[in-house]
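Right, one structure below, let's go through it.
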Protein chains: 2
Amino acid sequence: MNAAGRFARYLSTNRLKMTRTRRAILEEILAIRGHFTADDLLAHFRRRGRDVAPATLYRTLARLVEAGLVHRIDMAKGQARYEPMFGRHHHDHMICVSCGKIIEFENRTIERIQADVCRRKRFTLVEHTHQLRGHCAQCSQNGTPAARPRGAS
Amino acid sequence: MNAAGRFARYLSTNRLKMTRTRRAILEEILAIRGHFTADDLLAHFRRRGRDVAPATLYRTLARLVEAGLVHRIDMAKGQARYEPMFGRHHHDHMICVSCGKIIEFENRTIERIQADVCRRKRFTLVEHTHQLRGHCAQCSQNGTPAARPRGAS
DNA sequence: GCCACAATTGAGAATGATTATCAATTTTGC
DNA sequence: GCAAAATTGATAATCATTCTCAATTGTGGC
Ligand SMILES: [Mn+2]
Ligand SMILES: [Mn+2]
Ligand SMILES: [Zn+2]
Ligand SMILES: [Zn+2]
């Protein structure tokens with residue numbers, strides 16, 4: 001089933017309503033590729049004349065995360081990033097601390113060992129984050145960041 | 001060299017001063033074992049009649065982290081946790097989402113693969129966080145959390 | 001030990017991302 | 001179409017942490 005259908009199913013299962021605002025937000029996310037912040041989305045809407053209140057966007061993002069359609073990436077500081085997870089599988093992130101770029105990686109061996117570690121400690125894993133922070137190829141080469149990270153001076 | 005000595009060296013190297021407040025904070029941290037929040041420390045001080053301003057504590061913790069004597073653990077929500085790193089090596093954390101308990105783990109294989117991943121992507125690793133969130137042995141068994149997580153209702 | 005001067009402290013204000021409130025509006029099942 | 005329940009948006013609130021700035025303290029050189 002497609003993203004809109006999955007969201008509709010999630011909503012009705014939870015006695016929630018499919019509103020035009022929620023539809024618009026989901027469509028906007030479908031159009032964006034990669035990682036984005038709540039403000040990125042708000043800016044997109046403003047540019048298109050359709051204004052969405054921050055509170056509403058945050059609420060809808062939370063619903064989409066609950067529905068498993070969007071993934072939220074908590075950063076050590078600054079705004080969280082979100083990314084669509086329609087038909088994608090889990091992966092982790094390398095974050096360039098000079099330009100802000102996010103590089104994805106996935107490693108089955110790490111995931112397996114992680115599960116082993118939990119088993120040994122009798123820990124029931126619900127979710128995990130594995131973030132590598134450092135300098136991307138361009139930034140370590142140039143010395144000059146390719147672009148400013150969000151929120152940099 | 002011991003912790004106090006290392007901090008003194010770090011401070012003088014950076015034209016900073018070893019004050020009585022900084023000494024008191026370092027001693028307090030030496031006395032605590034395990035993970036703690038800024039508020040935990042402030043409470044300790046208040047109980048002992050020695051009052052330290054939050055701003056000062058946060059500033060000193062930042063210095064201790066820079067000096068490599070303390071490690072800061074950013075949580076998805078709520079206050080950051082800190083832990084002394086005097087003569088300890090790197091490890092990662094399992095965090096119980098029902099009682100707040102933090103269990104440490106370290107795995108050389110994961111660390112090695114992680115380094116490989118970075119090499120392949122030409123990514124210069126500076127630091128990383130690997131957090132596993134779920135339910136600890138007690139909480140998954142009891143159904144009832146052993147204790148409330150900080151900030152829970 | 002004293003001085004000059006830079007660093008530190010603490011009180012309080014500010015920050016900033018996100019969440020809570022609540023009256024007005026929209027959905028939806030019937 | 002109606003009523004009940006959910007949603008929206010404007011706005012205030014939260015809350016951990018950082019900033020500001022005047023008063024205080026530590027330090028290196030004499
Ligand atoms: Mn991603
Ligand atoms: Mn630890
Ligand atoms: Zn970069
Ligand atoms: Zn637990």
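Every chain is numbered from 1, with letters handed out A, B, ... down the list of sequences. No experiment lies behind these values; they were computed from the predicted model shown.
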* Structure fact -> Each nucleotide of nucleotides 13-21 of chain D classed B (base within 4.0 Å of a protein heavy atom), S (only sugar-phosphate) or -, in 5' to 3' order, makes ---SSBBB-

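A heavy atom lying under 4.0 Å from DNA chain C marks the following residues of residues 8-19 of chain A, by number: A/Lys17, A/Met18.
Contact footprint of chain A on DNA chain C: nucleotides with an atom under 4.0 Å from a non-hydrogen protein atom, first to last in 5' to 3' order, C/dA17 to C/dT28.
The pair B/Arg48-B/Glu28 meets the salt-bridge criterion, since a charged nitrogen lies less than 4.0 angstrom from a carboxylate oxygen.
With sequence neighbours excluded, no residue forms a ring pair (Phe, Tyr, Trp, His ring centres under 6.0 Å) with A/His44. B/His93 pairs by the side chain to side chain donor-acceptor pair (under 3.5 Å) definition with B/His35, B/Glu83, B/His91, not counting sequence neighbours. For B/His90, the ring pair (Phe, Tyr, Trp, His ring centres under 6.0 Å) criterion is met by B/His128, not counting sequence neighbours. Applying the side chain to side chain contact (heavy atoms under 4.5 Å, CB included) criterion to B/Asn2, with sequence neighbours excluded, gives B/Ala4.
D/dT24 atom P lies 14 Å from atom CZ of B/Arg20, rounded to whole Å. Remark: C1' of D/dT7 and CD1 of A/Ile25 are 11 Å apart, rounded to the nearest angstrom.
Between its opening and closing five pairs, the helix from C/dG1-D/dC30 to C/dC30-D/dG1 changes axis direction by 50°, a value rounded to 10 degrees.
Listed by chain and number, the hydrophobic cluster partners of B/Val117 are A/Met94, A/Ile103, A/Phe105, A/Ile110, A/Ile113, A/Val117, A/Phe123, A/Leu125, A/Leu132, B/Met94, B/Ile103, B/Phe105, B/Ile110, B/Ile113, B/Phe123, B/Leu125, B/Leu132, where partners are ILVMFWY side chains within reach of under 4.5 Å, directly or through others. Under a 4.5 Å side-chain heavy-atom criterion applied to ILVMFWY residues, the cluster that includes B/Ile95 comprises B/Ile73, B/Met75, B/Ile102 as well.
The list of salt bridge (Lys or Arg N to Asp or Glu O under 4.0 Å) pairs with a residue in residues 61-72 of chain B, not counting sequence neighbours, reads B/Arg63-B/Glu66, B/Arg72-B/Asp74. Annotation: ring-ring contact (aromatic ring centres under 6.0 Å, His included) contacts involving residues 46-86 of chain B, sequence neighbours excluded, are absent.
For the 3.5 Å distance criterion, the side chains of A/Gln114 and B/His130 qualify, holding a donor opposite an acceptor.
One N or O on the side chain of A/Asn14 and one on the backbone of A/Tyr10 form a donor-acceptor pair closer than 3.5 Å.
Across all strands, A/Thr56 comes closer than 4.0 Å to base atoms (heavy-atom distances).
Mapping B/Arg23 and A/Val52 onto DNA chain D via the closest heavy atom, the residue that lands nearer the 5' end is A/Val52.
Counting non-hydrogen atoms of other residues, nucleotides and ligands closer than 6.0 Å to CZ of B/Arg122 gives a total of 12 or fewer.
To the nearest 0.5 angstrom, A/Asp40 atom CG is 3.0 Å from A/Thr37 atom OG1.
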